[in-house]
Amino acid sequence: MEDRVYDCIIIGAGPGGLQAAIYLGRYNRDVLLLDRSGGRTWHARHIENVLTHREISGSEIIERGMEQARRFNVRIEQTLVVSLRKDRLFIVSTADNLYRSRYVIAASGVYDILPPIKNTYRYLGTGYFTCVDCDGYKTTNKRLVVMGDHIEAINIALAMKQMFTKDITFIPYQFSLPDSAEEVLEEEGIRVETVEPVKLIGEPKLKALELKNGERIACDAIMASFGTKLNDGFLIDLSLKKDAVGFKYAVNSQYESSLRGLYIVGPLNTGQDQVVIAAGEGAVAAIDINKRLLEENYAGEEQLLESGSHKS
Ligand SMILES: Cc1cc2nc3c(=O)[nH]c(=O)nc-3n(C[C@H](O)[C@H](O)[C@H](O)COP(=O)(O)OP(=O)(O)OC[C@H]3O[C@@H](n4cnc5c(N)ncnc54)[C@H](O)[C@@H]3O)c2cc1C
């Protein structure tokens, strides 16, 4: 275990963790940022909705963010956090080290569940999309396939039609659509394909989706909904309070979890999964942590003054 006690350890160098690190670094706090690399933002190749950037890749946001955080003396280590516990201080464990801190920000994000359809990973972020808010716009007037493994995916097809394109094929992946849903889709002019897709095709751009029977659906983009999983292995043993659904972590308005001193920002909590939102939450958490560090230090000084006055 290192002797040093950090003011704050941040787990995850996506937009949430990096923005928090920059704020805390600029308060001259002692900050350690632990990141295993290759998160969700890193996979976003063409981000167009971040203020002041016409287009920027996720990897560039991360590289620039790390450089900016280092300028304010944030220590960054590339490593996987395996567990977190709290005695008087937080103790963060990686494979080869134990680190201690007064506060922790968990900003480790989520990851997309990809279906067992060949080449989905290859087109992730270019022709295979998983987020309407992020990439819906890129499907404007394109030939689109919407697919998912749950009935709510039809709402995505309906929304995509309203906002972006009328040329939509909907594929219910490994589940049957009730007749009522088929009727709604038919009324909206959305085609339904029930044969299972097996492969994405096209070089370099996506051109078609191949089905199990060998047929192909010509398409320029796929909007898929197979859910996400949380990168929260290190939080499991803490029995933190979850949201009403029991999936994501419950936090207060400053993004503090049910464990005092542990903040959770980004899509691990119930908010929207967006770069600027994760970054905003990181800033709110950092400002709150700094305020509490100030208060704790004042309290310590007051105690010293009080004990001094007793002596005199
Ligand atoms: C293809 C794609 C396109 C997208 N496009 C957009 C877009 O256009 N606009 C937009 O706003 N959003 C977009 N997003 C969503 C955006 O990337 C997320 O909202 C954002 O990543 C959330 O940031 P974050 O900091 O919470 O998490 P992340 O970016 O996922 O960062 C989390 C970091 O924590 C690390 N980590 C995880 N577990 C551990 C651990 N145990 N120990 C150490 N480190 C760990 C990960 O490796 C990662 O580096 C897109 C996402 C994808 C996948």
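Both ligands and their constituent atoms are indexed starting at 1 by order of listing.
Within a 6.0 Å sphere centred on CZ of Phe175, heavy atoms belonging to other residues, nucleotides or ligands number more than 12.
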Result block: side-chain N/O donor-acceptor pairs under 3.5 angstrom for residues 121-128, not counting sequence neighbours:
from: Tyr121; atom 1: OH; to: His43; atom 2: NE2; distance (Å): 2.8
from: Arg122; atom 1: NH2; to: Gly202; atom 2: O; distance (Å): 3.4
from: Arg122; atom 1: NH2; to: Glu203; atom 2: OE1; distance (Å): 2.7
from: Tyr123; atom 1: OH; to: Gly202; atom 2: N; distance (Å): 3.2
from: Tyr123; atom 1: OH; to: Gly202; atom 2: O; distance (Å): 2.3
from: Thr126; atom 1: OG1; to: Tyr123; atom 2: O; distance (Å): 3.0

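Contact residues of ligand 1 (protein heavy atom closer than 4.0 angstrom to a ligand atom; sorted by chain and number): Ile11, Gly12, Ala13, Gly14, Pro15, Gly16, Leu34, Asp35, Arg36, Ser37, Gly39, Arg40, Thr41, His43, Ala44, Ile47, Asn49, Thr79, Leu80, Val81, Ala107, Ser108, Gly109, Asp112, Gly125, Cys134, Asp135, Asn231, Phe234, Gly266, Pro267, Asp273, Gln274, Val275, Ala278.
You'll find the ring centres of Tyr6 and Tyr103 outside the 6.0 Å limit.
Residue pairs that meet the side chain to side chain donor-acceptor pair (under 3.5 Å) test with at least one member in residues 180-189, sequence neighbours left out, are Lys161-Glu188.
Applying the ring-ring contact (aromatic ring centres under 6.0 Å, His included) rule to Phe129 yields no partners; only residues at least two apart in sequence or on another chain are considered.
Judged by the 6.0 Å distance and 45° axis criteria, Lys242 is positioned over the aromatic ring of Tyr249.
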